[in-house]
J.: 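Let me give you the structure first, and then I'll get to my questions.
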Amino acid sequence: MEGRQIQLAVDFFDLDRMADSGQCFRWEKIDANHYRIPAFGKLLTISQPTPDLIQADCSPQDWQRVWAPYFDMDTDYPAIVREIDPQDSYLQAAAKVSYGMRILRQELWETMLSFIISQNNNIPRIKQIIQRLCDAFGKFPEADVIASSSIATLRELGLGYRASYLLEAAGHYLRDQQDKRFGPGDYAQWRLYLQSYKGIGVKVADCICLFSLGHKEAFPIDTWIRKIMNDYYGGHFPIERYAKCAGVLQQYMFYYERTRSRGNTGKENA
DNA sequence: TGCCAGGCTTCAC
DNA sequence: GTGAAGCATGGC
């Protein structure tokens with residue numbers, strides 16, 4: 001702690017809901033009100049004493065340069081919520097329960113690694129595996145660290161059959177980085193490119209597009225979303241109506257449904 | 001104890 | 001292109 005502390009007035013910002021949203025797996029809850037969030041080589045300690053106020057241990061410059069983009073502070077989420085079909089009571093309810101949840105813009109490699117691990121897996125175990133990776137390698141393993149690791153090592157950390165996917169993905173990522181093949185691209189280009197990785201299919205590619213690259217039109221369909229679409233939308237969610245923000249609404253439905261299945265509101269004190 | 005999880009690859013058709 | 005099997009592991 002370097003004694004720096006900023007306070008910011010916020011709107012539509014809820015740390016607890018973002019922490020429990022299934023888009024990030026390394027936030028650490030220190031106590032009832034504080035989180036430690038690692039990203040971009042930095043560690044942010046942040047709290048939210050009231051719904052419209054946050055306190056963070058960073059400089060105003062770091063907030064502007066690193067954390068405001070990370071929390072996607074430039075996007076007008078209330079405007080997205082206002083676009084929801086007033087007749088769609090399910091989606092209205094989902095948005096209400098998810099109030100304050102923003103779509104994070106996380107680092108690309110971390111998001112790729114996390115969602116390769118996420119396949120056919122549950123969130124508590126995804127967190128555990130990523131924690132074991134960090135413990136085993138001393139910190140979050142960058143692609144070169146994974147690439148110079150071995151299947152056996154990764155298997156010992158509980159990755160199961162995903163160990164080979166991750167190992168291959170790391171090598172692939174490094175080669176493309178050296179070839180400078182990463183660059184600006186639209187959603188369709190990125191989605192296709194990501195699927196060229198072994199272990200990344202349509203759903204994981206969409207998660208990376210949404211939770212790292214900021215492509216809010218990405219609409220990941222996992223087992224939860226598929227069930228929601230079948231139960232409430234006759235098998236088809238009207239993505240076309242929400243062209244540029246379907247992914248945000250997808251996240252609200254995902255959060256809402258998981259919250260309901262656990263029999264609470266998602267906030268211990270709500 | 002089984003079923004399931006922010007699915008994917010492979011193979012048969 | 002579509003469908004089904006197989007996959008590692010452990011949460012619930």
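A note on names: the letters A, B, ... follow the listed sequences, proteins ahead of strands, and every chain is numbered from 1.
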J.: If you check every side-chain atom of A:Asn122, which of C:dT9, B:dT9, B:dA5 has the closest atom?
T.: B:dA5

J.: In whole Å, measure the gap between the P atoms of B:dG6 and C:dA5 for me.
T.: 23 Å

J.: So, for A:Trp67 and A:Tyr70, is the gap between ring centers shorter than 6.0 Å?
T.: yes

J.: Considering only C:dC7, B:dG6, B:dT9, which nucleotide approaches the side chain of A:Gln250 most closely?
T.: B:dG6

J.: Flag the pair A:Tyr197 / A:Tyr173 as yes when their ring centroid distance falls below 6.0 Å, and as no otherwise.
T.: no

J.: Does A:Arg155 place a side-chain N or O at less than 4.0 Å from the phosphate oxygens OP1/OP2 of C:dA8?
T.: yes

J.: Considering only atom C1', compute the distance from B:dT1 to C:dG11 and round it to an integer number of Å.
T.: 13 Å

J.: With the side chain of A:Tyr161 defined as its heavy atoms from C-beta on, choose the nearest nucleotide among B:dG6, C:dT9, C:dC7.
T.: C:dC7

J.: For A:Trp224 and B:dG6, say yes or no: do the ring centres fall under 5.5 Å of each other while the ring planes differ by less than 30°?
T.: no

J.: Could you check, using the six-membered ring where one of them is a Trp, whether A:Phe25 and A:Phe115 have ring centers closer than 6.0 angstrom?
T.: yes

J.: Assign each of A:Gln195 and A:Lys203 to its nearest nucleotide of DNA chain B by heavy atoms, then name whichever residue's nucleotide is nearer the 5' end.
T.: A:Lys203

J.: Looking only at side-chain N and O atoms, does A:Gln128 come under 4.0 Å of OP1 or OP2 in C:dG11?
T.: yes

J.: Out of C:dA8, B:dT9, C:dC12, which has the shortest distance to the side chain of A:Lys198?
T.: B:dT9

